[in-house]
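First comes the structure, then the notes that go with it.
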Amino acid sequence: MSRPLAGVDGCKGGWIAVRTGPDGLSATVQPTFEALLAMLPADALVAVDMPIGLPEHTLHGGRGPESLVRRMLGPRQSSVFSIPSRAALYAAIEPCPSIEAYHAAHRAAGIVARATSQPPRGVSIQAFGIFPKIREVDGLLRRRPELVVRIFESHPEVAFCRLNGGTPMLLPKKVKGQVNPAGLAERRSLLERHGMQRYFLKLPPPAGAAADDLLDAAVMLVTAGRIADGRACPHPDPPARDAYGLPVAIWA
């Protein structure tokens, strides 16, 4: 029997997983990464679109993996956020009851990020928006380091590029914050060419997720399969390690 696989992406409702099972593919949303992991088989190999392994200091371009994969992506390279230091990620973790508090937390993270980077660099508001999810994964893997042998960081646009023979996707998934139907169609077509059923890719996403989240989780599933059978590679190769021994690499 083949190993169970899952592709995971963050979404508005928490986390979306596309996974293999006895009845074929399925998609589900869970509120936390730990809850999602708990519902998967204990030996499931997971590819997740979220940074794993955080730096103490950063150089130009964020962590090493970000700088490496941007070279592959051409017009899609802006989809790869620069991840700041662990201290910046944990600089302001209290709930933000107002937009003013949210922006104050963003500024606090930026102050720490600039103090722990060379040249000094703040934090984009887009990257700041995923900090809670980065902390979820980081906290879980530091508590349970045995999971690193089956949970791998990937990135959808890097994964699509690899599936497309090293050529980045021509069209963006979103334009001015809105889903771009032509960009989604381009990615569905590529996933179909790699064996995903059209009917599944056309299904409405589960509650709490959007159409682009479903496709991102789907390409993470394909990447999980490539990791399992040895066709994927890490960037960098071999992976670096952070101060807690967590791997630092984007797989595709």
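Numbering of residues begins at 1 and proceeds along the displayed sequence.
Atom CD1 of I83 is separated from atom CG of L89 by 7.0 Å, given to the nearest 0.5 angstrom. Rounded to the nearest 0.5 Å, atoms CE (M169) and CG (L184) are 12.0 Å apart. Taken from CD in E153 to CZ in R63, the straight-line distance is 4.0 Å, to the nearest 0.5 Å.
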Before giving the answer on side-chain contact (heavy atoms from CB on, under 4.5 Å), spell out for L191 and F160 the whole-Å C-alpha distance, their side-chain angles and the decisive distance to 0.1 Å.
CA-CA 8 Å; L191 288 168; F160 280 121; 3.9 Å; yes

Should N164 and R193 be marked as a side-chain contact (heavy atoms from CB on, under 4.5 Å) after you check the CA-CA gap, both sets of side-chain angles, and the distance that decides it?
CA-CA 10 Å; N164 201 36; R193 296 204 302 271; 3.4 Å; yes

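Residues L221 and V219 are members of one and the same hydrophobic cluster, defined by side-chain heavy-atom contacts under 4.5 angstrom among Ile, Leu, Val, Met, Phe, Trp and Tyr. Hydrophobic clustering of Ile, Leu, Val, Met, Phe, Trp and Tyr side chains at less than 4.5 Å, counting indirect connections, keeps V179 apart from V175. Under a hydrophobic-cluster definition in which Ile, Leu, Val, Met, Phe, Trp and Tyr are linked whenever side-chain heavy atoms come within less than 4.5 Å, directly or via other members, V29 and V137 are assigned to different clusters.
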Under 3.5 Å, which donor-acceptor pairs link side chains of residues 45-62 to any protein atom two or more places apart or in another chain?
residue: E56; atom: OE2; partner: R86; partner atom: NH1; Å: 3.3

Expected list for residues 206-216: side-chain donor-acceptor pairs under 3.5 angstrom, two or more places apart:
residue: D213; atom: OD2; partner: A210; partner atom: N; Å: 2.8
residue: D216; atom: OD1; partner: K173; partner atom: NZ; Å: 2.8
residue: D216; atom: OD2; partner: K173; partner atom: NZ; Å: 2.7

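With respect to the salt-bridge test (charged N to carboxylate O, under 4.0 angstrom), the residues R70 and E157 do not qualify.
Taking the side chain as every heavy atom from C-beta outward, P168 and Q77 never approach each other to under 4.5 Å.
Checking L37, I227, L40 one by one against R150, the side chain to side chain contact (heavy atoms under 4.5 Å, CB included) holds for a single residue, L37.
Within the structure, every pair that satisfies the ring-ring contact (aromatic ring centres under 6.0 Å, His included) test and touches residues 73-115, not counting sequence neighbours, is listed here: Y102-F128, H106-F128.
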